[in-house]
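Take a look at the structure set out below.
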Amino acid sequence: MESDDRRVLVALGGNALEGRGQGGIEDQVAGVARTMVRVVELIADGWQVVLVHGNGPQVGDLVHRDAMNAGRAPAYPLDWAVAETQATIGHSILNALASAGADQGVDPAGAVVVSRVLVDADDPGFDQPTKPIGPYLDEEPDEPAARWTLIEGKGWRRVVASPQPRASLDLPAIRALVAGGATVVANGGGGIPTVRGPEGPWHGVAAVVDKDLAGAMLAGELGIATYVILTDVAGVAVDHGTDDERWLGDVSVADLRRHQADGQFPAGSMGPKVEAVCRFIERGGGRAAIGALDDLAAVLAGDAGTQVRPD
Ligand code: ADP
Ligand code: MG
């Protein structure tokens with residue numbers, strides 16, 4: 001891929017969406033605003049940015065409301081909840097892009113695509129829910145948990161299936177908007193998980209796809225050479241949280257895979273990010289990085305965060 005390709009796919013995690021507050025709507029709007037200032041700085045510098053965002057807290061809130069309303073309102077399907085978060089988070093991103101664009105004198109031309117991601121109906125993820133969504137609950141809730149599983153840890157938590165993303169079903173529309181120069185937001189919340197029976201119609205299923213994996217897939221599908229995952233730590237560490245903690249700067253995929261095999265990256269946090277950047281590079285991507293939101297420009301320049309290279 002050409003080195004003059006000034007396109008980057010940026011995946012945004014919870015911290016980039018929520019700010020540092022309690023995760024209420026105002027905090028989300030403030031967090032998104034702060035993040036889009038950084039994104040527009042890249043656009044002003046000549047980059048085209050495609051955004052994928054997470055939705056764990058937001059889809060969890062919708063499920064929580066649904067559970068609270070059991071018997072009083074019709075049950076709300078999880079795929080509808082994922083679609084709803086694409087719209088609500090997407091609209092705050094559009095406002096924040098427009099505001100930051102006005103301040104910085106550029107037109108970011110934001111566009112949000114309601115986007116579906118193909119998953120296998122028999123993905124093992126459906127038998128083994130792994131994705132925690134929404135708040136910790138003090139007590140085990142008394143609810144018909146057909147669409148989620150309850151697990152106990154720091155408190156009770158709802159956990160949903162997280163099948164592998166196979167393809168971005170709305171790629172033609174996403175591609176057309178990217179070609180037109182828009183700052184496209186797509187596969188939000190990992191994309192709406194969608195299956196198709198042998199002959200049957202397309203339909204959504206009860207799951208939440210991992211956004212880091214859906215972002216890696218979309219970057220590959222669009223032929224974007226650079227994939228950046230922004231989170232709330234400076235990069236990837238080995239022996240994280242111990243006295244031997246060591247932050248990785250430049251690292252090859254092979255070395256990262258070795259640390260992964262050593263069990264360095266927990267499934268609920270750094271695990272999917274590492275898997276996503278490895279897959280991206282192994283499938284022909286040029287460069288991937290994991291770093292902190294406030295370091296975005298430096299991460300993209302290769303001067304901060306964990307930089308993952310083919311060899
Ligand atoms: P996001 O919401 O941005 O997707 P997560 O909370 O899922 O982020 O993952 C980021 C978190 O992963 C960090 O806050 C950090 O505490 C944790 N983490 C776990 N293991 C590691 C590791 N080996 N290196 C760096 N961070 C790690
Ligand atoms: Mg998080």
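Residues: numbered from 1 along the sequence shown. In listed order, ligands and their atoms are each counted from 1.
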Can D170 and S115 be counted as having a side-chain donor-acceptor contact under 3.5 angstrom? no
Would you check, one step at a time, whether the test salt bridge (charged side-chain N to carboxylate O under 4.0 Å, His left out) holds for D45 with R6? CA-CA 10 Å; D45 192 35; R6 300 270 283 174; 3.7 Å; yes
Which ligand 1 atoms does F265 reach within 4.0 Å, using its non-hydrogen atoms? 23 (N)
With a 3.5 Å cut-off and no angle check, do the side chains of N187 and S168 form a donor-acceptor pair? yes
E275 and Q260: side-chain donor and acceptor closer than 3.5 Å? yes
Would you mind finding which of Q264, H240, M270 brings a heavy atom closest to atom 15 (C) of ligand 1? H240
When you compare ligand 1 with W247, is there at least one nitrogen or oxygen pair between them that comes in under 3.5 angstrom? no
Looking at E282 and R279, does any basic side-chain N land under 4.0 Å from a carboxylate oxygen? no
Ignoring hydrogens and geometry beyond distance, is a side-chain donor-acceptor pair present between H64 and R158 at under 3.5 Å? yes
Is K211 touching ligand 1 with its side chain, its backbone, both, or neither, if touching means heavy atoms under 4.0 Å apart? side chain
For V238 and ligand 1, does the shortest N/O to N/O distance drop below 3.5 Å? no
In ligand 1, the atoms that come under 4.0 Å of a heavy atom of G235 are 25 (C)
Looking only at heavy atoms, is any part of P266 under 4.0 Å from ligand 1, and if so is it the side chain, the backbone, or both, or is it neither? side chain
Near V233 (heavy-atom distance under 4.0 Å), the atoms of ligand 1 are 13 (C), 14 (O), 15 (C), 26 (N)
Test your reading of the structure: does T231 have an N or O sitting under 3.5 Å from an N or O of ligand 1? yes
Between T306, L248, D232, flag the one that comes closest to atom 13 (C) of ligand 1 by a heavy atom. D232
R287 and Q307: side-chain donor and acceptor closer than 3.5 Å? yes
Considering G56, G271, S269 one by one, which has a heavy atom nearer to atom 9 (O) of ligand 1 than any of the others? S269
Strictly below 4.0 Å, N to O, side chains only: are D294 and R34 in salt-bridge contact? yes
